[in-house]
Amino acid sequence: MSTHHTKSLPPIDPMDLVGIDEQFSAEEKAVRDSVRRLCHDRIDPYVADWFEQGRINDIRGLAKELGTLGVLGMHLEGYGCAGMSATEYGLACLELEATDSGIRSLVSVQGSLAMFAIWRWGTEEQKNEWLPSMAAGEAIGCFGLTEPDIGSDPGAMRTRARRDGDDWIVDGRKMWITNGTVADVAVVWAQTDEGIRGFVVPTGTPGFSAPEIKHKLSLRASVTSELVLDDVRLPASAAFPEAGGLKGPLSCLTEARYGIVWGAMGAARSSLSAALSYASERRQFGKSIAGFQLTQQKLADMNLEYIKGVLLALHLGRRKDAGTLRPDQVSLGKLNNVREALAICRTSRTILGANGISLEYPVIRHMNNLESVLTYEGTVEMHTLVVGQAMTGQAAYR
């Protein structure tokens, strides 16, 4: 008979039942832990108040702290960016969204939309002018694609740029733009006679304004704006040299959606952890409700979906680092992970009972935030059809 020695097993971590943590390198864990520390010290004590008030106190100071930590454009190379891996960026997104989706949106729009657009499609002059200060959090960026009447079909956008001598004149409206009101620079996409082009627009340019959108019940700890461009005159140097058509903006959206695959699991983890802790302390019928079968079924089912979501995010992260990640795979990740995170938040809310609707706990805040995350950067319907097209070879949304 063969004999083998069983290693002494570590104690069970209820939030990591299958030992996913062992899949991360020491460097990846160090990045995760540094972001978690910043969130714990600088954001967690205040974020419920920011959500309630509908504003972030000192957003510029927070942006600089995030820049000092190196998370703004952290997965980009050069120009003052940290040049970290896609997996490290994903872990940062998870920690940021465990704090609040609005904070992850701030970082995601800055790094994966505005900075990535300039980094991937911009001229050397545009990169040198903007990327170092954006990486440091000294300049804030926004990304103008969605319009009041144009969401899932960006090719139908009405914002227009026309040539006037060597200059461009841009007219149009963009809607639901994160960071818009506080931004120093906007990446704006517009129709031209040569197809869709991208423009780097300093927000102090005459004719540009960005009124903040109020009365939101989701992403309240985030600045959301309309961009108004009335005869905004830009020099020829403001245009991206290529990026004709939708390839430019869609490449940026794929970057940002990848971060959401990880981020949504942060909101799920925070809610599940709150539910587990509450169930252990809340007593009914003479014992903690964690001892009741129906509560344990909820906890087990939530943890199953959380584990699967993190494993999917990690798998896609490793593919991205290997250069083999496809946009339809990102769509599959966003579709699954946001949907399951929202379900985890809703189930966690039932375990907390009436306390689940209080901002004393993070659950209702995450739940409300994820209603936006479910829709933005590709609706459930669009990502479903992207997956459907990958399976059948037929585009059902045309």
Side-chain angles (χ1 to χ4, degrees), residues 38-39 42-43 46-47 49-74 80-81 93 96-97 99-118 126 129-148 170 172-189 199-216 218-230 232 234 238 252 256 259 263 369 372-373 376-377:
L38 175 76
C39 290
R42 177 67 177 85
I43 306 171
Y46 316 107
V47 71
D49 288 336
W50 296 348
F51 185 93
E52 192 163 28
Q53 295 160 10
R55 61 188 297 271
I56 301 175
N57 287 346
D58 190 18
I59 188 170
R60 291 200 164 274
L62 179 59
K64 284 178 183 170
E65 289 184 61
L66 291 163
T68 300
L69 189 62
V71 300
L72 301 178
M74 63 186 281
C81 301
C93 287
L96 290 162
E97 195 142 358
T99 284
D100 191 85
S101 302
I103 304 301
R104 199 264 312 138
S105 289
L106 166 66
V107 171
S108 183
V109 168
Q110 176 87 341
S112 287
L113 290 180
M115 290 177 69
F116 177 81
I118 296 169
Q126 290 165 344
E129 180 178 3
W130 289 108
L131 292 179
S133 58
M134 293 173 81
E138 289 159 7
I140 296 176
C142 67
F143 184 88
L145 181 63
T146 299
E147 297 185 359
V170 186
R173 301 283 185 277
K174 301 294 181 179
M175 196 68 171
W176 305 114
I177 308 303
T178 297
N179 299 351
T181 306
V182 295
D184 302 285
V185 62
V187 172
V188 174
W189 301 90
F199 296 86
V200 179
V201 185
T203 57
T205 307
F208 181 96
S209 61
E212 188 169 355
I213 296 171
K214 301 288 191 180
H215 309 302
K216 300 178 299 178
S218 180
L219 292 183
R220 290 177 58 76
S222 175
V223 175
T224 311
S225 318
E226 181 182 10
L227 305 185
V228 179
L229 297 100
D230 284 331
V232 172
L234 300 170
C252 304
N369 285 338
S372 292
V373 180
Y376 75 21
E377 298 186 30

Using atom types as modelled and distance alone, determine if a side-chain donor or acceptor of [X] lies under 3.5 Å from a backbone N or O of [Y].
X	Y	result
Asn179	Gly141	yes
Arg60	Val182	yes
Thr68	Lys64	yes
Asp230	Gly207	no
Glu226	Arg173	no
Thr203	Ala183	yes
Lys174	Trp189	yes

Pairs of donor and acceptor atoms involving the side chains of residues 131-138, under 3.5 Å and at least two apart or interchain, shall be tabulated with distances.
| residue | atom | partner | partner atom | Å |
| --- | --- | --- | --- | --- |
| Ser133 | OG | Trp130 | O | 3.1 |

How about Trp176: does its CH2 atom have over 12 heavy atoms from other parts shown lying under 6.0 Å from it?
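No, because the 6.0 Å sphere around CH2 of Trp176 holds 12 heavy atoms or fewer from other groups.
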Tell me whether the count of non-hydrogen atoms from other residues, nucleotides or ligands lying under 6.0 Å of CD in Glu52 goes above 12.
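No.
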Sequence neighbours left out, what pairs pass salt bridge (Lys or Arg N to Asp or Glu O under 4.0 Å) with at least one residue falling in residues 100-113?
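Every pair satisfying salt bridge (Lys or Arg N to Asp or Glu O under 4.0 Å) with a residue in residues 100-113: Glu97-Arg104, Asp100-Arg365.
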Go through the structure and list residues passing salt bridge (Lys or Arg N to Asp or Glu O under 4.0 Å) with Arg42, not counting sequence neighbours.
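Counting only residues at least two positions away or on another chain, Arg42 forms a salt bridge (Lys or Arg N to Asp or Glu O under 4.0 Å) with Glu65.
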Do the side-chain N and O atoms of Tyr376 and Ser105 include a donor-acceptor pair separated by under 3.5 angstrom?
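Tyr376 vs Ser105: donor-acceptor pair found between side chains.
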